[in-house]
Each structure stands twice: as structure tokens, then as C-alpha cells.
Amino acid sequence: MPAVALAARGSGPDVISDTKSSQLNMNTRRTEAYRKRLAAAADDRKTKTPAHPNNGDESSFPSGIANYTKGFPHDDFGEVDPTVYAAYLAAIKSGKRADFDALTLGGTIPLVDPQAGLAFDLETCDPSQNAIPPFDSLKSPGLAAQMIEAYWMALTRDVPFSQYATDPTIAMAVAEINGLGSVYEGPNPVTTQSIFRGFTAGDVVGPFVSQFFLQPFNYGVMPFQGYMTTLPGDFGIDVDSFLNLQRGAPNGVPPENPDPTLKYLPDGRALAEYVHNDVLYQEYLNAALMLLKMGAPLNPSNPYAPLGTSIKSETGFITFGLPMIEVLVAEVMARALKNAWFQKWFVHRSARAEETAGLVHFTKTGLKSYQLHPSVLNSQAAATIFSRNGNWFLPQSYPEGCPLHPSYPSGHATAAGAAVTVLKWFFDETAIFGKAASNGKTLPKPLTTVADGSRPITYSGGDADQLTVGGELNKLASNVGVGRAFAGIHWRQDFQQAMLLGERVAINLLQDQAHLYNENYAGFSFTGFMGNAIKV
């Protein structure tokens, strides 16, 4: 793809001194700080506000069946109370906190922070200045393809990634998804190597799970391995529990009973649980600490990099040093999530896969007739779900099912896209696992897990020498989004578009901060999720 040059705004040092004496003058800094903040804000304001079209399903299906309504009162078919739904849409249009506070809930679980979608920020463009494409509409073949994939992910969440090549259910999933043709937006054609993986080039290379989930690292003096707990069981797989979840659990939800056996990430269930109770930026702080432990090289343009030419008598620390990236992966989170919440609540309001599977169930039983594409109603995936559970609900990995905010885009994946972008900006993305890097350090050999997840082993596949830092960071972001899809709470479109949204937010943050450095910062180059060259 053609290179995308994003100007290093504010490049070059600004003189903070008395112009007569050429001495540092502390009295000028207050005004200089104000001027820099204004300059960043002025640059952000130049980005025009785009159109924000949604898929039109709220107009096409005014009963709300095609959009997010979980947590409100629902009837015995999972359809929202029309009076409450009208009040909900009115609150969306007004944006007033009082209108949201007045909404009638159906259970004990509250809506998750609609107000965040209207929050402003002192860094980056306003969320209204970023847009994502409309979500697939209810009766489209695209949504049917996503529902088919969601069913297969639920059916195979206990299949070890290492056994995908030989597992018969994976083989059925590959065959059916390949039959969907171009309406399926994942890796295409699908193979046992690429099934359920993300859309970046790095996603389809090597093990399913990113090296940044598997390599050892330290929190200060405390060594850490990738062991974790998992949560067995499927939830929401009968009419009563499905309706209870749609109503916001007025009857409560089953308690979590984690498996006491610690595992490395061997399968979709483990990946789903990792992103169930994670501290939202932990994956990216962990990745930064892993890269530190490996001695991974910095971006070659870093003014303090060993091969750099700008500064020889100093080392980076707060600026362009490791503390910078350790903080930056957390700093970008709030900006990414405000963007996601703006799109979720005030543009798209897309239904969760959990909700849409209810439409499949009641249509297949003949109790209702919803305008779903016939490919999902007649799918092998739906038939296999029925053969296991006696219904067509989407088995949920979490006792509470999906969270109480709309599906599109995924908040986790927006955060992942943003944090991974700043990591690729900071480190040398071309370094290869198991090979000597540009700084002379040899990165550790790539790892994978044994089938039961009890231990990691060296990855010895034919592509073992192709795992780059950049590719595995891309895979980390996708793994986070895919993990939420394995849980049954997100769609593929949710995490793919979310990663791209997060990438834009991170680039904007880096552009804003380029105003602030005293070093001679001329910009860093890295590769975007779509394979495009970026300099910022």
C-alpha cells in the first residue's frame, strides 16, 4: 500500500529562553506552555467532522430488535418494552444525563457509562472527528456470516489451538466459512491455520497466540510467567437464562467458579477469560516490559537509540526512554475508550451477538419470524449449536453474558489498537524473535503452548523465523478482540474496525505530543494495521 506520511507536528526544539540574553528564563515557560497547548488544539481542530452514518436498522426495525436493548424490560421473546425503548432513544438524542438516569431498567445491572461517549478530552481530536463504517444490517449476508462465525467460535472454544489442524469441528467451521465467499471479512480463504485470526499480516504467521502473552517478563524485581485461571462452563443457553440476561439479570447470575488449574493460553476459552477480568492496559504494559527484558531495539529514529545521531551524551528516560512507553500505553486508553463509547452509544447502538442469536432461536422455533438472512438460519453452525444444546442461543463464556453497552465497536479492541500503535511507534518493529536485532541483542526464541496449557514450549513451525516484533504486536491487538469474540460477546466487525479506530486515536495523540519535546524529534516510522507505512 502507498506510504501515509503524517507530519511530525511541532518537530524541532522550541527555544525557551530570554531572546536578549539567550539564557533559560523560567518566566517564559507559562506562556510557552499555553502556546504549545493552543497549537496542538488548533492542529486537532483542522480535522473536519465526518459524517456518522449507521446502518439504518433503528428506522427499518422500530421495535428495536436489530439494535442494542439489553438491560431494559423485555417480553418473553426478548423484545424490549416499546415505551422504555422510546425513552432510551430520546435520551440518546438529548444526551442529557437526567434523561439517562430516568430510564427504567429491567434488572439489577446498570448500563455502562453512556456519559463517557460525550466526555471531552484535552489531548487528541474530539471523538466526533473520527468515524467508522456502518455495522452490517440485520438482514444482510454480512451479519449472517458474522453470526455463523460466532456460533463456530462458541462451539470450538475448548479446542486447543495446537489441534486445529486435526479437529473435526474446526474442519466443519473452515468448510462453512469458506462457503460464505467475500461476505466473510476475516482471512480469506480460511484454513486451519488462519481460522478465527485477525486481519493483519502478522496474525496468520506462527502460533495463534501472540508472543506477548507467552514470553516471561518482570514487574520490577518480581518475575512473571503467563499462567492464568480459566472459567469453565457455558451460560445463557436456555430460554429462562437468556431472558434473564437480556433483562439485566433481575434473578441474578451464576457465580464465577474458576478452574483452579493454572494454564498458559491454550484455547479460545482461556483467551476469552484473559480479556474478561484484565486490567485494560495490562497486556500492553506487559508487552513493554517483555520488550525491555528482551533488550529489544528502539525505533531507529529515536534520538537516544544506539544507532541514532542526535544525542550522544545523554540517555532517554521521561522522553523517549522506557518510562515514557510504560506510561503511554496507559495514557492512550482513556482517549481510545471515549472514542469507542461515542460510537457505541451515539452513532451505532449495534446489538450484541448474544441478542441476535435470540432472534435466530425464536425464528427457528417458529414462535416468531425475523428478517434474518437465510444463510444463518440454514447454517451448519446453527444446526450444530442445536444438536449440542437443543436451542439456537449463543453460548456465553461469562455468567453475565455480554456487558451492558452496545457492541460496535469493541472497547477492548479500540484500546488494543491504540496501545499497540504506540508500541510499534516506540520499538523497532522489524526485530525478529530468535534472531539478532539491530542493537546486537538476540531476541528469545518464539514460544507456543502444549495442548493442555500446562507449559510453554519452543515454537518450531516452518514460519518460526518470520515472527517480528511488529507482527506479534499486531497479533496481540487482534488476540484481545478475538478473545472477546470467543466469549460470545462481540462480532468480527466490532474488533476489526475498533483496532483501526484505536490506531487513529494513537497517531493523533503522538501528533499532539510532538509539540512538547525539547529533543530534535523528526518523526518515527512504523507499519499500520493495513500494511501502510506511517510516519508520525
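The model shown is predicted, which means the values in this text are computed figures rather than measured ones. One-based numbering along the sequence shown.
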**Residue pairs passing the salt bridge (charged side-chain N to carboxylate O under 4.0 Å, His left out) test where at least one lies in residues 470-488, sequence neighbours excluded** = Glu472-Lys475
**Prompt:** Angle class for the Phe135/Tyr408 ring planes (parallel below 30°, perpendicular above 60°, tilted otherwise)?
**Reply:** tilted
**Prompt:** With sequence neighbours left out, what residues match Ala413 under side chain to side chain contact (heavy atoms under 4.5 Å, CB included)?
**Reply:** Ser410, Phe495, Ala498, Met499
**Request:** Considering non-hydrogen atoms only, spot the tightest contact between Thr104 and Phe72 and give its length.
**Result:** O-CD2, 3.4 Å
**Message:** Can a side-chain donor-acceptor contact be found between His74 and Thr69 if the only test is distance below 3.5 angstrom?
**Reply:** yes
**Request:** Answer yes if the side chains of Asn67 and Asp57 hold a donor-acceptor pair under 3.5 Å, and no otherwise.
**Result:** no
**Message:** Does either side chain, that of Glu429 or that of Thr527, offer a donor lying less than 3.5 Å from an acceptor on the other one?
**Reply:** yes
Which pairs would a plain distance check flag for residues 280-287, meaning a side-chain donor or acceptor within less than 3.5 Å of a matching protein atom at least two apart in sequence or in another chain?
{"from": "Gln282", "atom 1": "OE1", "to": "Val279", "atom 2": "N", "distance (Å)": "2.7"}
{"from": "Gln282", "atom 1": "NE2", "to": "Tyr274", "atom 2": "OH", "distance (Å)": "3.3"}
{"from": "Asn286", "atom 1": "OD1", "to": "Tyr219", "atom 2": "OH", "distance (Å)": "2.4"}
{"from": "Asn286", "atom 1": "ND2", "to": "Gln282", "atom 2": "O", "distance (Å)": "3.3"}

**Message:** Please enumerate all residues that pass salt bridge (charged side-chain N to carboxylate O under 4.0 Å, His left out) together with Asp158, with sequence neighbours excluded.
**Reply:** Arg269
**Prompt:** So, does Asn508 use its side chain to make a donor-acceptor pair with the main chain of Arg504 at under 3.5 Å?
**Reply:** no
**Message:** Main chain of Ser379, side chain of Glu176: is a donor-acceptor contact present, judged purely on distance under 3.5 Å?
**Reply:** no
**Message:** Using only atom types and a distance under 3.5 Å, with no angle test, would you say the side chain of Gln396 pairs donor to acceptor with the backbone of Gly488?
**Reply:** yes
**Request:** Check for a donor-acceptor pair, side chain of Asp463 on one end and backbone N or O of Gln466 on the other, with a separation under 3.5 Å.
**Result:** no
**Request:** Taking the side chain as every heavy atom from C-beta outward, state whether Tyr459 and Leu447 have any atom pair closer than 4.5 Å.
**Result:** no
**Message:** Are Leu467 and Pro207 packed together at the side-chain level, in the sense that at least one heavy-atom pair is separated by less than 4.5 angstrom?
**Reply:** yes
**Request:** State whether the side chain of Thr468 and the backbone N or O of Gly471 hold a donor-acceptor pair below 3.5 Å, judged by distance alone.
**Result:** yes
**Asked** Looking only at heavy atoms, which two atoms of Leu155 and Thr169 are closest? And how far apart?
**Response** CB-CG2, 4.5 Å
**Prompt:** Side chains of Leu501 and Asn130: closer than 4.5 Å at any heavy-atom pair?
**Reply:** yes
**Request:** Mind jotting down which residue pairs meet the salt bridge (charged side-chain N to carboxylate O under 4.0 Å, His left out) criterion with at least one end in residues 414-424? Sequence neighbours excluded, please.
**Result:** none
**Asked** Which heavy atom in Pro50 sits nearest to a heavy atom in Ala131, and how many Å separate them?
**Response** CG-CB, 3.7 Å
**Thr384-Ser387 side chain donor-acceptor pair, cut-off 3.5 Å** = no
**Expected output: side-chain Asn389 to main-chain Asn391 donor-acceptor under 3.5 Å** = no
**Asked** Should Thr421 and Phe526 count as side-chain neighbours, where that means a heavy-atom distance under 4.5 Å?
**Response** yes
**Item:** Minimum heavy-atom distance between Val422 and Ala506, given as atom pair plus value
**Value:** CG1-CB, 3.9 Å
**Request:** Report the relative orientation of the aromatic rings in Tyr85 and Tyr88; use parallel for angles under 30°, tilted for 30 to 60°, perpendicular for over 60°.
**Result:** tilted
**Request:** Return the set of residues passing salt bridge (charged side-chain N to carboxylate O under 4.0 Å, His left out) with Glu149 (not counting sequence neighbours), or none when no residue passes.
**Result:** Arg492
**Asked** Tell me, do Val482 and Arg197 make a side-chain contact under 4.5 Å, heavy atoms counted?
**Response** no
**Prompt:** Between Gln380 (side chain) and Ala173 (backbone), is there a donor-acceptor pair under 3.5 Å?
**Reply:** no
**Request:** Could you tell me whether the side chains of Ser241 and Asn244 share a donor-acceptor contact shorter than 3.5 Å?
**Result:** no
**Message:** Quick check against the 3.5 Å criterion: does Tyr68 have a side-chain atom that pairs as donor or acceptor with the backbone of His405?
**Reply:** yes
**Leu214 vs Pro456 side-chain heavy atoms within contact, under 4.5 Å** = no
**Item:** Minimal non-hydrogen separation, Thr449 against Ser162, with atom names
**Value:** O-CB, 4.4 Å
**Fill in**
Contacts of Glu58 meeting salt bridge (charged side-chain N to carboxylate O under 4.0 Å, His left out) (sequence neighbours excluded), chain-then-number -> Arg349
**Prompt:** Is there any salt bridge (charged side-chain N to carboxylate O under 4.0 Å, His left out) pair reaching into residues 241-258, and which pairs are they, with sequence neighbours excluded?
**Reply:** Asp76-Arg247
**Asked** Looking only at atom types and distance, does a side-chain atom of Asn188 sit under 3.5 Å from a main-chain N or O of Gly181, one as donor and one as acceptor?
**Response** yes
**Prompt:** Can you find a side-chain donor-acceptor pair between Glu354 and Gln246 that sits under 3.5 Å?
**Reply:** yes
**Message:** What I'd like to find out is whether the side chain of Leu500 reaches to under 4.5 Å of the side chain of Ile132, using heavy atoms alone.
**Reply:** no
**Asked** How far does CG of Asn378 sit from NE2 of His373, to the nearest 0.5 angstrom?
**Response** 10.0 Å
**Message:** Applying side-chain hydrogen bond (donor to acceptor under 3.5 Å, both in side chains) to His348 and Ser350, what does each step give before you reach the verdict?
**Reply:** CA-CA 5 Å; His348 299 285; Ser350 298; 5.2 Å; no
**Message:** Between Gln493 and Gln146, is there a side-chain donor-acceptor contact under 3.5 Å, judged purely by atom types and distance?
**Reply:** yes
**Request:** Identify, with sequence neighbours excluded, every residue that meets salt bridge (charged side-chain N to carboxylate O under 4.0 Å, His left out) alongside Arg157.
**Result:** Asp234
**Prompt:** Is it true that the side chains of Ser210 and Asn479 contain a donor and an acceptor less than 3.5 Å apart?
**Reply:** no
**Message:** Once rounded to the nearest 0.5 Å, what's the spacing between atom CG of Leu423 and atom CG of Leu476?
**Reply:** 8.0 Å
Kindly list each side-chain donor-acceptor pair under 3.5 angstrom involving residues 365-372, sequence neighbours excluded, with atom names and distances?
{"from": "Thr365", "atom 1": "OG1", "to": "His361", "atom 2": "O", "distance (Å)": "3.3"}
{"from": "Thr365", "atom 1": "OG1", "to": "Phe362", "atom 2": "O", "distance (Å)": "2.9"}
{"from": "Thr365", "atom 1": "OG1", "to": "Leu367", "atom 2": "N", "distance (Å)": "3.4"}
{"from": "Lys368", "atom 1": "NZ", "to": "Glu79", "atom 2": "OE2", "distance (Å)": "3.2"}
{"from": "Tyr370", "atom 1": "OH", "to": "Glu79", "atom 2": "OE2", "distance (Å)": "2.6"}

**Request:** Run the numbers on Phe386 and Trp392 for ring pair (Phe, Tyr, Trp, His ring centres under 6.0 Å), then give the verdict.
**Result:** CA-CA 5 Å; Phe386 180 79; Trp392 292 271; 4.4 Å; yes
**Asked** Is the shortest side-chain N to carboxylate O distance from Asp121 to Lys338 below 4.0 Å?
**Response** yes
**Message:** Using 0.5 Å steps for rounding, measure from the CG atom of Asp203 to the CD atom of Gln193.
**Reply:** 10.5 Å
**Item:** Close side-chain approach of Glu400 to His276, heavy-atom, < 4.5 Å
**Value:** yes
**Prompt:** Can you list the residues that meet the ring-ring contact (aromatic ring centres under 6.0 Å, His included) rule with Phe342, with sequence neighbours excluded?
**Reply:** His52
**Message:** Taking salt bridge (charged side-chain N to carboxylate O under 4.0 Å, His left out) as the cut-off, I'd like each qualifying pair that reaches into residues 59-69, sequence neighbours left out, listed once.
**Reply:** none
**Asked** Within the distance-only criterion (no hydrogens, no angle test), does the side chain of Asn178 pair as donor or acceptor with the backbone N or O of Pro189 below 3.5 angstrom?
**Response** no
**Request:** Measure across Gly358 and Phe242 and return the closest heavy-atom pair with its distance rounded to 0.1 Å.
**Result:** CA-CZ, 3.6 Å
